Amino acid sequence: MSDYPPVSVVIPYSEQYTPEWMLEEATASVEAQAVETEPLVVRGDDGPAAARNEGLDRASHRHVAFLDADDTWADDKLVRQLDAMREADAGLCVEGDPRTMDDFVYDVFVGDLTSLMSSVLVDTARVDARFDDDLERGEDLLYVLTAATQAGVCLRPDLFAHREHADSVTARGMAVEEYLAQSKRFVYRVSERVPEAQPYLPIYYTQLYTDVGRAHAADGDARRARTYYLRALRISLHPHTLAALARTYLPF
């Protein structure tokens with residue numbers, strides 16, 4: 001253990017959304033690491049962003065990792081990440097295959113690299129980012145994008161196991177218009193804090209308006225669906241959006 005620095009591990013927990021046995025298994029996966037750890041279970045229902053910020057404040061060590069209470073780590077997770085951060089001279093390490101910074105920003109912002117929080121290991125001596133507790137969605141992605149562009153990022157595969165369950169935060173629905181409002185707030189914060197993401201704003205908005213259109217179509221509101229599809233098409237003539245718009249004119 002002396003070859004590696006100790007790591008504080010922030011585990012947000014709400015018994016409303018995660019059964020206690022899952023928290024126990026998550027904590028056990030932290031204690032199984034071949035690195036000295038400081039598990040910090042932060043309880044409360046005010047939101048994961050606030051809990052993670054409290055964890056950052058309580059952390060005793062320079063290196064801080066995050067783990068959702070319903071996930072578990074691979075036994076060698078921290079060792080592989082600390083090695084990778086040293087080799088890459090990076091202040092952040094997350095799960096994934098190696099890629100350039102430009103590809104990383106693209107994949108987190110508008111691609112499929114979105115389930116990262118339980119893999120995050122950050123060097124707080126190089127990253128001063130905080131979680132935006134004014135956001136109800138995307139606060140984790142904003143943190144990752146900010147940290148990566150501040151201090152560099154490295155990626156390693158197979159770091160954690162995600163476990164979905166019926167009461168989890170990610171399983172809860174959000175009303176369509178609230179989803180739209182929160183997504184716009186998220187993208188504004190990203191464009192403000194992560195200039196490297198600005199070239200991808202049109203892609204983000206095309207995807208957002210198409211997704212909102214699909215949600216209205218699924219609710220049987222073809223008129224509102226068309227409104228959002230047309231907004232998306234004014235940005236980009238994406239074939240998936242065109243096909244979705246065409247379906248709203250078909251008889252049900």
Side-chain angles (χ1 to χ4, degrees), residues 1-12 26-40 42 48-49 51-69 71-109 111-132 139-162 190 193-197:
M1 288 190 183
S2 60
D3 292 338
Y4 295 95
V7 178
S8 297
V9 184
V10 179
I11 309 173
T27 304
S29 75
V30 171
E31 294 170 346
Q33 300 297 304
V35 173
E36 180 186 345
T37 58
E38 176 193 33
L40 298 169
V42 184
R52 288 169 184 145
N53 283 334
E54 181 181 339
L56 283 169
D57 292 336
R58 287 169 50 186
S60 302
H61 303 302
R62 166 178 172 172
H63 289 85
V64 178
F66 297 90
L67 175 62
D68 290 344
D71 296 336
T72 58
W73 281 349
D75 289 347
D76 59 352
K77 188 257 191 192
L78 291 180
V79 166
R80 287 196 288 132
Q81 286 187 294
L82 289 166
D83 284 341
M85 290 172 75
R86 187 182 301 117
E87 293 167 7
D89 189 27
L92 173 72
C93 189
V94 298
E95 179 170 294
D97 296 321
R99 65 199 73 195
T100 66
M101 177 62 75
D102 182 64
D103 286 342
F104 180 79
V105 170
Y106 177 92
D107 290 337
V108 172
F109 187 39
D112 297 325
L113 199 61
T114 56
S115 297
L116 293 174
M117 208 60 234
S118 285
S119 72
V120 167
L121 175 63
V122 64
D123 180 352
T124 60
R126 301 178 60 179
V127 173
D128 61 4
R130 304 278 291 180
F131 291 89
D132 192 330
E139 78 286 344
D140 53 343
L141 302 182
L142 176 58
Y143 178 87
V144 167
L145 287 168
T146 305
T149 52
Q150 276 186 358
V153 61
C154 57
L155 297 96
R156 288 294 180 270
D158 305 321
L159 297 176
F160 76 102
H162 177 64
V190 171
R193 301 177 192 178
V194 187
E196 293 86 345

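Worth saying up front: this structure is predicted, and the values here are computed from it rather than measured.
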J.: Using modelled atom types and a 3.5 Å cut-off, is there a donor and acceptor pairing between side-chain atoms of R126 and backbone atoms of G152?
T.: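 Side chain of R126 to backbone of G152, a donor-acceptor pair under 3.5 Å: no, none is there.
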J.: Counting C-beta onward and ignoring hydrogens, is there a side-chain heavy-atom pair between R80 and P157 closer than 4.5 Å?
T.: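 Result yes, sub-4.5 Å side-chain heavy-atom pair found.
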J.: Identify the heavy atoms of S60 and E38 that sit nearest to each other, and give their distance.
T.: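 So the two residues come closest at OG-OE2, 2.8 Å.
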J.: If we check salt bridge (charged side-chain N to carboxylate O under 4.0 Å, His left out) with R52, which of these qualifies: D68, D57, D140?
T.: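 Answer after filtering D68, D57, D140: D68.
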J.: Are side-chain heavy atoms of N53 and L56 found at a separation under 4.5 Å?
T.: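 They are in contact (side-chain heavy atoms under 4.5 Å apart), so the answer is yes.
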J.: What is the distance from atom CG of L159 to atom CG of L67, rounded to the nearest 0.5 Å?
T.: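 Separation between the atoms: 11.5 Å.
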J.: Taking all atoms of both residues into account, what is the closest heavy-atom pair of V35 and P5, and its distance?
T.: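 Here V35 and P5 meet closest at CG1-O, 3.4 Å.
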J.: Looking only at non-hydrogen atoms, find the nearest pair between A74 and D158 and report the distance.
T.: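 Result for this residue pair: CB-O, 3.7 Å.
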J.: What heavy-atom pair brings E139 and A49 nearest, and what distance separates the two atoms?
T.: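 Taking every non-hydrogen atom into account, CG-CB, 3.7 Å.
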J.: Could you tell me whether the side chain of E95 and the main chain of S119 form a donor-acceptor pair under 3.5 Å?
T.: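 No, because the side chain of E95 does not come within donor-acceptor range (under 3.5 Å) of the backbone of S119.
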J.: Among residues two or more places apart or on two chains, list those pairs meeting side-chain hydrogen bond (donor to acceptor under 3.5 Å, both in side chains) that have a residue in residues 142-153.
T.: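 Qualifying pairs: D128-Q150.
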J.: For the residue pair C154 and A90, what are the closest heavy atoms and their distance?
T.: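 For C154 and A90, the tightest heavy-atom pair comes out as N-CB, 4.0 Å.
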J.: Without swapping roles, check the side chain of S29 against the backbone of W73 for a donor-acceptor pair under 3.5 Å.
T.: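 Pair found, side chain donor or acceptor close to backbone of W73.
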J.: Does V105 offer a backbone N or O that forms a donor-acceptor pair with the side chain of E196 under 3.5 Å?
T.: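 Side chain of E196 to backbone of V105, a donor-acceptor pair under 3.5 Å: no, none is there.
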J.: Under the side-chain contact (heavy atoms from CB on, under 4.5 Å) rule, what do V194 and F109 come out as? Steps first, then yes or no, please.
T.: CA-CA 10 Å; V194 187; F109 187 39; over 6 Å; no
J.: Only one of L92, V122, D123 clears side chain to side chain contact (heavy atoms under 4.5 Å, CB included) with M85; which?
T.: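 When L92, V122, D123 are each tested with M85, the side chain to side chain contact (heavy atoms under 4.5 Å, CB included) holds only for D123.
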J.: Just verifying a value: how many Å separate F160 CZ and L116 CG, rounded to the nearest 0.5 Å?
T.: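 Separation between the atoms: 7.0 Å.
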J.: Could you tell me the separation between the CZ atom of F131 and the CG atom of L142, rounded to the nearest 0.5 Å?
T.: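 One finds 9.5 Å between CZ of F131 and CG of L142.
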J.: Please answer whether the main-chain N or O of H61 pairs with a side-chain N or O of S8 as donor and acceptor at a distance below 3.5 Å.
T.: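 Checked: pair present.
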J.: Distance from L40 atom CG to E54 atom CD, nearest 0.5 Å?
T.: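 The CG atom of L40 sits 9.5 Å away from the CD atom of E54.
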J.: Dump the intermediate steps for salt bridge (Lys or Arg N to Asp or Glu O under 4.0 Å) on R86 and D83, then the final yes or no.
T.: CA-CA 5 Å; R86 187 182 301 117; D83 284 341; 3.2 Å; yes
J.: How about R193 and D132: do any of their side-chain heavy atoms sit closer than 4.5 Å?
T.: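 In contact.
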J.: Any donor-acceptor pair under 3.5 Å linking the side chain of T72 with the backbone of A26?
T.: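 It does not hold such a pair.
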J.: Would you indicate whether the side-chain heavy atoms of V144 and L113 approach each other to under 4.5 Å?
T.: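 Side chain of L113 against side chain of V144, heavy atoms only: no contact under 4.5 Å found.
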J.: How close do T114 and V108 get, counting heavy atoms only, and between which atoms?
T.: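 What the structure gives for the nearest pair is CG2-O, 4.1 Å.
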J.: Is the backbone N or O of L78 less than 3.5 Å from a side-chain atom of Q33, with the two atoms forming a donor-acceptor pair by type?
T.: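 Between the backbone of L78 and the side chain of Q33 there is a qualifying donor-acceptor contact (under 3.5 Å).
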